[in-house]
Amino acid sequence: MEAAGAEAEASLRGQVEIWKYTLSFADSMALKSAVELRIPDIIHSHAGPMTVAQIASAIPDSPSPDLYCLARIMRLLVRRRIFTAQQPSDDGGEALYGPTHSSRWLLSETAAPDQLTLAPMVLMENHPWLMAPWHCFSRCVREGGIAFEKAHGGRHIWDFAAENPEFNKLFNDAMECTARIIMRAILSEYRDGFGGCCLRSLVDVGGGTGGAVSEIVRSHPHIRGINFDLPHVVATAPEYPGCHMSEVTCLKASPLLTQFL
Ligand SMILES: C[S@@+](CC[C@H](N)C(=O)[O-])C[C@H]1O[C@@H](n2cnc3c(N)ncnc32)[C@H](O)[C@@H]1O
């Protein structure tokens, strides 16, 4: 009898796992919606916790927001500890939503210039263009091949980016935000690595829009940074002091360069 009870319990726990993973996409979609609606920016820039109505009234380009829908997103994100919620002490009160250390990673560049953020990565990974390849996984197993190309009419990802400026920006922004996070972590610990006087120039090959190399040059201004990438990427790269952006379609080492990333 006890063994049967344990078996039933284990089976139920197994079922819970399947429900959890079946619906886990809802977490990603709620996170993406919050970033799109600039909810982290709104909550972090407010003096104190906010009601759903207050958040809704601050959402850009949204003259008649659906409070019920917004409240559902907020409740889910509170459960996932992206935001906090103070529950009202009486029945008539409204929940008040506040920031967390996680929501700080979702601020837009305009709201927090020069602050590290994962918002562009959230938008990129959860965009239909990047979600579509995941739907091709079983085909990849059956047929082999590359999921992105199956999902996008046989186009290689770099060709797709070259032909689609919106995708190009989405992808490059996501790469740049993570490159900055990783490079600042490296630079904070690897203090002597770039400091030697013999290192005068440094190339990041396939460096996207130059996030990584610009971080290195910013903390080691004696280094001349060179960022190599494909023409459609370099064309959109911002200018960074001490950095040169260079288009490349095939990779050749230059004798002038002393170090490659
Ligand atoms: C995965 S992304 C990484 C970007 C950057 N290194 C980072 O970590 O954020 C790969 C980069 O390689 C670039 N790339 C692909 N083929 C290349 C080639 N033949 N020459 C130069 N860059 C290339 C892409 O355009 C893209 O920016």
Side-chain angles (χ1 to χ4, degrees), residues 10-11 13-36 76 80 82 105-106 116-183 185-186 202-213 215 226-237 245-254 257 259-261:
S11 174
R13 287 190 187 283
Q15 189 191 149
V16 167
E17 291 302 296
I18 300 302
W19 279 114
K20 194 164 84 185
Y21 297 122
T22 299
L23 295 170
S24 60
F25 68 89
D27 294 342
S28 311
M29 293 301 109
L31 202 59
K32 178 192 179 216
S33 302
V35 173
E36 287 174 335
L76 178 54
R80 300 296 177 251
I82 306 299
W105 286 98
L106 301 174
L116 296 174
T117 175
L118 279 168
M121 186 51 96
V122 170
L123 295 177
M124 191 269 279
E125 288 292 356
N126 295 293
H127 192 284
W129 283 321
L130 269 299
M131 296 292 284
W134 293 94
H135 291 271
C136 299
F137 253 18
S138 53
R139 273 182 64 202
C140 287
V141 172
R142 285 202 178 92
E143 307 162 3
I146 296 170
F148 188 93
E149 294 177 14
K150 287 183 193 301
H152 295 292
R155 305 300 290 149
H156 189 278
I157 186 167
W158 309 138
D159 296 332
F160 191 81
E163 292 158 9
N164 183 336
E166 196 186 337
F167 178 81
N168 189 34
K169 178 167 172 44
L170 190 72
F171 185 85
N172 295 337
D173 288 354
M175 291 300 108
E176 182 160 340
C177 80
T178 45
R180 283 191 191 287
I181 292 170
I182 293 164
M183 198 45 76
I186 292 172
L202 186 147
V203 182
D204 191 354
V205 180
T209 43
V213 80
E215 288 289 332
I226 299 163
N227 189 66
F228 274 170
D229 210 293
L230 297 172
H232 63 270
V233 178
V234 167
T236 66
M245 301 289 156
S246 183
E247 289 180 7
V248 65
T249 43
C250 65
L251 303 176
K252 275 196 196 142
S254 159
L257 307 171
Q259 201 75 43
F260 284 87
L261 263 189

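These numbers come from a predicted model, not from an experiment.
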What distance separates Met245 CE from Thr236 OG1, expressed to the nearest 0.5 Å?
9.5 Å
So that I can tick it off, tell me whether Glu125 and Lys32 are bridged by a salt bridge, with the cut-off set at under 4.0 angstrom between side-chain N and carboxylate O.
no
From CG (Leu31) to CG (Leu106), nearest 0.5 Å:
5.5 Å
Kindly say whether Trp105 contributes a backbone atom to a donor-acceptor pair with the side chain of Thr117 at under 3.5 angstrom?
yes
Between Lys150 and Cys136 the two heavy atoms that sit nearest each other are CB-SG, 4.0 Å
What heavy-atom pair brings Gly145 and Cys140 nearest, and what distance separates the two atoms?
O-SG, 3.7 Å
Determine whether the side chains of Asn172 and Asn168 contain a donor N or O and an acceptor N or O closer than 3.5 Å.
yes
If I take atom CE from residue Met121 and atom CG from residue Asp173, how far apart are they, to the nearest 0.5 angstrom?
10.5 Å
If you measure from CH2 on Trp19 to OG on Ser24, what distance do you get to the nearest 0.5 Å?
13.0 Å
Measure the spacing between CG of Asn126 and CD of Glu36 and express it to the nearest 0.5 Å.
9.0 Å
On a heavy-atom basis, which atom in Leu170 and which in Met124 lie closest, and how many Å separate them?
O-CG, 3.6 Å
So, do Ile226 and Leu202 sit near enough that their side-chain heavy atoms are less than 4.5 Å apart?
no
When you look at NZ of Lys169, are more than 12 heavy atoms from neighbouring residues, nucleotides or ligands closer to it than 6.0 Å?
no
Within the structure provided, determine whether Met131 and Ser28 are in side-chain contact (heavy-atom separation under 4.5 Å).
no
Would you say CD of Glu143 has more than 12 non-hydrogen atoms from neighbouring residues, nucleotides or ligands within 6.0 angstrom?
yes
Option from Phe148, Trp158, Phe160, Trp129 for which ring pair (Phe, Tyr, Trp, His ring centres under 6.0 Å) with Phe171 holds
Trp158
